[in-house]
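Dumping the structure here so I can ask a few things about it.
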Amino acid sequence: MLALRSASRSTASRVGLRLKSTKVAVLGASGGIGQPLALLCKLSENIDEVACYDVAPVLPGVAADLSHCPTGAKITGHLPSSGAWPPTHDKGLEAAVSGADVIVIPAGVPRKPGMTRDDLFNTNAGIVKTLVEGCGKFAPDAVLAIISNPVNSTVPIAAEVLKKLGVYNKNKLCGVTTLDVCRANTFLAANQGKHPKEIVTVIGGHAGITILPLLSQVPGTTLSAADRDALTHRIQFGGDEVVKAKAGGGSATLSMAYAGYLFTEGVIKGLKGESVTQCAYVESSLTEARFFASPCKFGKGGVEEVLPFGELSAYEKGWFDKMLPELKAQIKKGEDFANQ
Ligand code: LMR
């Protein structure tokens, strides 16, 4: 793959072409998710530059550390310009996001045991709003991939912020729900004694009962009602399992970094012209909820098509009906915050 990439680069330089390089910015790059996410991006053959941004003073050290890995991607590190948080014109943020194709945002605080993702709203909503304002000003064409919780509300916040700036493109704003798909594949495979594969579609949102795995649609799998119930619950509350096990030390970081990286790779492949289908929490008219996670076709323009999620079993329809009011309320909470 590396050889292929260098070959096409040298062919391009012989004929005087410049290949468009691919830049990913990670906002919150020195956090528990940000560091392994930036590392995975540094290892990627599809990424030429990883711009790391954080308010934590350790950020230049994280960037220096990453930069010693002998791979092709260039690492840059950016702190906010001095005294600039919340920034009126944060030159660090501007440098990090300018020219980025994809901006991944894991910034914010994690849950402690007993908290829901919504309990993070008061802290993380403002962080996401400020960062997305910078993205809208300095990188209006980038695809934004939001990881910061509560995703069900932070994505609507981002949409409203971008709308106010006049740069909202619903095909370029996504909440990352890939970890729900990873968990669904892992837990189902363990139940079936098989190797995990990309097979389960997970729809809805990214919190508790708004997460709905469509286990009835997995080909060649018949589950007992007890297994179906237990698996559905475990996928919906997989995040809580990690929060509890970390006992006050935060929430999922490594699996979330892996999921964020997988999602980013899918988006980049799409931008480069491949057709990639992956689940994402995006604006759509599929349901009564303005934002809804569903399989999406990614291409050169970001989300090129939101695909219907197929027929639900009676059991899944029960969860779907329970989920919608909760999801709609969390979306409204985000919209109201951004517009207050
Ligand atoms: C997860 O799904 O693990 C993340 O959203 C973090 C959390 O708070 O559960």
Side-chain angles (χ1 to χ4, degrees), residues 23-31 33-34 37-38 51-56 59 78-81 84-110 117-118 120-177 205-207 256 260 263-264 267 280-283 290-291 293 301-303 330-340:
K23 175 174 173 181
V24 172
V26 180
L27 310 186
S30 47
I33 299 169
L37 174 59
C52 300
Y53 174 90
D54 208 305
V55 296
L59 187 274
H78 311 269
L79 286 166
S81 25
W85 187 267
T88 42
H89 186 145
D90 179 351
K91 293 209 166 59
L93 184 58
E94 177 175 12
V97 300
S98 292
D101 300 281
V102 185
I103 302 172
V104 196
I105 310 186
V109 296
R117 290 179 183 81
D118 188 57
L120 303 175
F121 187 96
N122 290 344
T123 313
N124 289 355
I127 295 173
V128 170
K129 182 169 179 274
T130 305
L131 291 174
V132 172
E133 270 160 8
C135 298
K137 280 186 205 148
F138 307 130
D141 292 328
V143 175
L144 300 194
I146 311 249
I147 291 178
S148 313
N149 273 316
V151 165
N152 291 355
S153 307
T154 51
V155 172
I157 292 173
E160 294 307 294
V161 167
L162 296 170
K163 236 166 66 181
K164 277 194 194 155
L165 292 171
V167 294
Y168 179 50
N169 175 352
K170 69 179 170 54
N171 301 330
K172 293 201 164 178
L173 174 63
C174 308
V176 178
T177 57
H206 179 65
M256 183 55 98
F263 180 75
T264 304
V267 174
Y281 180 66
V282 296
E283 179 163 348
R290 177 180 169 204
F291 294 90
V303 177
Q330 290 171 6
I331 292 169
K332 183 165 182 318
K333 186 169 175 180
E335 291 168 338
D336 290 348
F337 173 83
N339 291 319
Q340 73 199 348

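Since the structure is predicted, the reported quantities are computational estimates derived from the model, not experimental observations.
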On a heavy-atom basis, which atom in Cys174 and which in Val282 lie closest, and how many Å separate them? SG-CG1, 4.0 Å
Flag side-chain contact, heavy atom, 4.5 Å: Val109 against Asn124: yes
Where is the tightest heavy-atom contact between Val155 and Gly175, given as atom of each residue plus distance? CG2-CA, 3.5 Å
More than 12 heavy atoms of other groups within 6.0 Å of Lys164 NZ: yes
Working to the nearest 0.5 angstrom, can you tell me the gap between Glu160 CD and Asp336 CG? 9.0 Å
Counting C-beta onward and ignoring hydrogens, is there a side-chain heavy-atom pair between His78 and Val97 closer than 4.5 Å? no
Test item: Phe263 and Ile147 side chains (from C-beta on) under 4.5 Å apart, heavy atoms: no
So do Tyr281 and Asn152 actually touch side chain to side chain, heavy atoms under 4.5 Å? yes
Nearest heavy-atom approach of Cys52 to Leu59 is O-CD1, 3.5 Å
Nearest 0.5 Å, please: how far is CZ in Phe138 from CD in Glu133? 10.5 Å
Minimal heavy-atom distance between Pro106 and Leu37, with the atoms involved, is CG-CD2, 4.3 Å
Between Ser153 (side chain only) and Gln330 (backbone N and O only), is there a donor and an acceptor less than 3.5 Å apart? yes
Would a distance-only check, ignoring hydrogens and angles, find a side-chain to backbone donor-acceptor pair under 3.5 Å from Lys23 to Ala96? yes
From Asp141 atom CG to Cys135 atom SG, the distance as rounded to the nearest 0.5 Å: 12.5 Å
For Lys170, look at atom NZ and say whether over 12 heavy atoms of other residues, nucleotides or ligands are found less than 6.0 Å away. no
How far does CG of Leu131 sit from CG of Leu144, to the nearest 0.5 angstrom? 10.0 Å
Between atom CG of Asn149 and atom CZ of Phe121, what is the distance when rounded to the nearest 0.5 Å? 12.0 Å
Taking the side chain as C-beta and beyond, is there a heavy-atom pair between Val151 and Phe291 under 4.5 Å? no
Inspect the contact between Glu283 and Lys163 and indicate whether a charged nitrogen and a carboxylate oxygen are less than 4.0 angstrom apart. no
Does a side-chain heavy-atom distance below 4.5 Å link Ile146 with Val132? yes
Shortest non-hydrogen pair, Gly92 vs Asp90, comes out as N-OD1, 2.8 Å
Check for a donor-acceptor pair, side chain of Lys129 on one end and backbone N or O of Ala338 on the other, with a separation under 3.5 Å. no
Closest non-hydrogen atom pair, Ile103 against Ala139: CD1-CB, 3.8 Å
So, does Ser148 use its side chain to make a donor-acceptor pair with the main chain of Ala107 at under 3.5 Å? yes
Pairwise side-chain contact, Lys172 with Leu162, heavy-atom cut-off 4.5 Å (strictly under): no
From Leu120 atom CG to Thr154 atom OG1, the distance as rounded to the nearest 0.5 Å: 10.0 Å
